[in-house]
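Each remark here refers to the structure printed beneath this line.
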Amino acid sequence: MSTMNTVGRPTTPNTLPDNDYKHPTLTGGRGLLQDEALIFEGEGWGKTGVDLPTPKTDGSDLGDLVRRDPIGLPGLSEPEAMRHYVRLSQKNHAIDLAIYPLGSCTMKHNPRLNEKMARLAGFSDIHPLQPQSTVQGALELMDTLSHWLTTLTGMPAVALSPKAGAHGELCGLMAIRAAHEAKGEHEQRRKVLVPTSAHGTNPATAAFVGYSVVEVAQTDDGRVDVADLASKLGPDVAAIMVTNPNTCGLFERDIMEISRLTHEAGAYFYCDGANFNAIVGRVRPGDLGVDAMHINLHKTFSTPHGGGGPGAGPVVLSEALAPFAPAPWVVNTGDGYKLVEREEDEAEQAFGRLCAFQGQMGMYVRALSYMMSHGSDGLRQVAEDAVLNANYIKARLEDLMSPAFPDGPCMHEALFDDEWLKGTDITTLDFAKAMIDEGFHPMTMYFPLVVHGAMLIEPTETESKAELDRFIHAMRLLAQAAKDGDVERFKGAPFHAPMRRLDETRAARSPKLRWVKPEGSNHAA
Ligand SMILES: *Cc1c(COP(=O)(O)O)cnc(C)c1O
């Protein structure tokens with residue numbers, strides 16, 4: 001076993017079992033990938049990559065604020081800095097490397113046209129505190145994006161500022177709470193109903209806003225159990241939160257009945273719109289009776305995703321909730337564009353603000369660039385191709401693996417359970433790790449929770465048939481190996497990744513976020 005150093009990184013990373021590498025490498029490097037130390041563990045404390053002129057002042061005007069100790073930053077030359085970060089980037093997967101089949105996450109190609117547009121100086125070099133008369137183009141872009149989002153969803157209003165899907169959920173539930181407060185019903189409506197298959201952010205958001213969460217059962221065919229929902233709806237319910245298509249990759253057939261029952265009970269219908277990619281251009285959530293829905297621009301509208309953001313989760317709102325939308329929003333006065341920023345006048349019912357400024361401008365530019373380059377016909381084709389691709393994967397794997405809901409087509413993601421692994425001693429986790437060795441990022445595992453050992457695969461429309469075939473080929477070889485009892489291949493995997501199996505729970509529960517200087521080291525403090 002390796003020992004851990006102060007930052008929890010194995011000091012001898014090459015801990016491969018004998019049955020894998022007969023000849024573990026001597027340095028920890030692998031196949032042109034060198035082992036990468038933390039930047040603080042390097043040697044370069046005494047150097048700098050830039051040559052700054054000697055300051056003309058002696059710092060005496062800083063008084064007490066003058067620094068007494070060295071600042072404690074490692075020093076690297078430009079090539080060293082470059083290599084450090086490029087090597088780190090090579091330890092991770094990226095959508096620019098290969099298919100990223102994470103179900104529910106909609107990891108699609110980020111068109112470079114979007115990047116070019118986002119870098120136009122008129123968008124990238126402006127400041128949120130500039131006078132509005134000087135940023136009319138940016139405001140027009142926000143107005144145009146709002147128009148596309150409301151048109152695609154068939155909803156009258158949109159709050160652009162939320163910065164992620166989960167933030168959008170918070171926005172939607174806060175608007176719902178404000179609407180109940182305005183009607184004097186907030187005190188009695190304390191519950192939010194959430195199906196068992198929901199994304200974890202749904203119950204978390206409801207709880208965060210102060211509601212108690214009540215689970216709604218699911219039918220055997222993976223949909224909301226309408227009878228169970230009806231029995232739980234009542235004058236104490238503020239809202240339901242339903243995803244459509246749901247996280248089993250299935251369209252909620254009874255969606256009209258679900259929204260009718262919800263409204264009849266005086267509650268609002270929050271739709272988690274993270275799966276909008278499956279229906280964009282084909283179905284308008286407004287027509288389904290939805291009152292609020294977030295749209296992850298970083299999923300459906302191709303803005304970069306992951307790495308902690310920035311994302312963007314605008315929320316479309318129904319007539320009933322629109323008055324409670326948070327500031328700010330853009331108004332076209334006919335004589336230019338105006339930002340309504342304060343909770344007075346036109347915005348007197350707004351529940352407040354969600355963030356300091358206007359949201360993620362760069363994401364707005366990328367999303368609108370994506371929309372305009374596809375056109376409305378192209379966006380419709382996005383949904384159609386995303387669904388076609390998922391069904392192709394399902395059809396090509398269902399003889400070897402077990403689809404969780406075999407009857408009928410799926411929407412944008414193919415969901416398998418671990419029934420087909422029974423008796424092999426191989427788990428979903430083992431299978432996923434073996435995929436890494438074959439050069440493929442695993443699908444989403446163990447989600448949705450209602451499916452045992454779930455494997456949720458979302459190819460998106462941006463994968464070509466050739467790429468899907470390569471993925472399917474690897475999956476079939478692995479599935480066959482599992483069935484043939486090649487247990488070692490799975491139990492020890494990944495053998496070829498820079499890091500082996502990590503204790504993810506421990507990493508999440510007790511992350512080491514600080515570098516501690518080793519005792520007796522002569523590194524500058
Ligand atoms: C991604 C996702 C969310 C949360 O969106 P973030 O932008 O990651 O906060 C919520 N619900 C579903 C179904 C999702 O897939």
Side-chain angles (χ1 to χ4, degrees), residues 95 100-108 110 149 159-174 192 194-209 213 216 218 222-224 239-252 255 269-280 285 290 292-316 354-355 359-360 362-364 366-367 383 386 390 410-415 443-451 454-460 508:
I95 191 66
Y100 214 141
L102 276 186
S104 200
C105 285
T106 313
M107 307 293 287
K108 57 165 79 173
N110 313 128
L149 290 174
L160 287 183
S161 67
K163 297 194 177 188
H167 203 203
E169 292 173 30
L170 181 66
C171 173
L173 283 208
M174 288 179 78
V192 168
V194 180
T196 40
S197 65
H199 194 268
T201 50
N202 293 188
T205 302
F208 189 75
V209 180
V213 177
V216 179
Q218 183 167 327
R223 270 89 174 180
V224 170
I240 61 163
M241 296 182 87
V242 169
T243 312
N244 192 32
N246 66 27
T247 48
C248 295
L250 302 169
F251 196 85
E252 291 289 352
I255 195 78
F269 178 2
Y270 186 91
C271 180
D272 180 329
N275 293 337
F276 194 44
N277 205 50
I279 57 172
V280 60
V290 168
M293 182 179 94
H294 72 261
I295 300 165
N296 308 61
L297 297 186
H298 46 289
K299 294 183 181 172
T300 309
F301 297 108
S302 82
T303 72
H305 187 157
V315 176
V316 285
L354 278 168
C355 56
Q360 305 285 20
M363 297 301 122
Y364 301 162
R366 288 173 176 87
C410 57
M411 293 294 289
H412 60 307
E413 45 200 8
L415 177 58
M443 63 271 141
T444 292
M445 300 179 283
Y446 300 105
F447 176 77
L449 303 175
V450 287
V451 169
M455 306 180 196
L456 184 63
I457 304 171
E458 179 175 359
T460 83

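Whatever order the structure lists them in is the order used to number ligands and atoms, beginning at 1.
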Checklist entry - Can any side-chain N or O of Y270 pair as donor or acceptor with the backbone N or O of V192 at less than 3.5 Å? => result no
Checklist entry - Do any nitrogen or oxygen atoms of S104 lie less than 3.5 angstrom from nitrogen or oxygen atoms of ligand 1? => result yes
Next on the checklist: Using only atom types and a distance under 3.5 Å, with no angle test, would you say the side chain of S161 pairs donor to acceptor with the backbone of G359?
Outcome noted: no
Item to check | Contact check, H298 vs ligand 1, heavy-atom distance below 4.0 Å | outcome: yes
Item to check | Intermediate values then yes/no, side-chain contact (heavy atoms from CB on, under 4.5 Å), V450 and C248 | outcome: CA-CA 9 Å; V450 287; C248 295; 4.2 Å; yes
Item to check | Contact partition for A274 relative to ligand 1, non-hydrogen atoms under 4.0 Å | outcome: side chain
Next on the checklist: Give me the nearest non-hydrogen protein atom to atom 6 (P) of ligand 1 as residue plus atom name, then the distance to 0.1 Å.
Outcome noted: G165 N, 3.4 Å
Item to check | atom 5 (O) of ligand 1 - nearest protein heavy atom and its distance | outcome: N296 ND2, 3.0 Å
Checklist entry - In the protein, what heavy atom is nearest to atom 11 (N) of ligand 1, and what distance, to one decimal place, separates them? => result D272 OD2, 2.5 Å
Item to check | Proximity winner for atom 2 (C) of ligand 1, if only heavy atoms of K299, E413, M241 are counted | outcome: K299
Checklist outcome for this item: ligand 1 to T201, heavy atom cutoff 4.0 Å, flagged ligand atoms 10 (C), 11 (N)
Next on the checklist: Between ligand 1 and A164, is the shortest N or O to N or O distance under 3.5 Å?
Outcome noted: no
Next on the checklist: Name the residue from T460, T106, N275 that meets the side chain to side chain donor-acceptor pair (under 3.5 Å) definition with H412.
Outcome noted: N275
Checklist entry - Are E413 and S104 close enough that a side-chain donor and a side-chain acceptor fall under 3.5 Å? => result no
Next on the checklist: Given 3.5 Å as the limit, does a donor-acceptor pair link the side chain of T247 with the main chain of S197, or not?
Outcome noted: yes
Next on the checklist: Show, in sequence, the C-alpha distance, side-chain angles and deciding distance for V290 and V316, and conclude whether the side-chain contact (heavy atoms from CB on, under 4.5 Å) test is met.
Outcome noted: CA-CA 9 Å; V290 168; V316 285; 6.0 Å; no
Item to check | Distance from atom 9 (O) of ligand 1 to nearest protein heavy atom, with residue and atom | outcome: A166 N, 2.8 Å
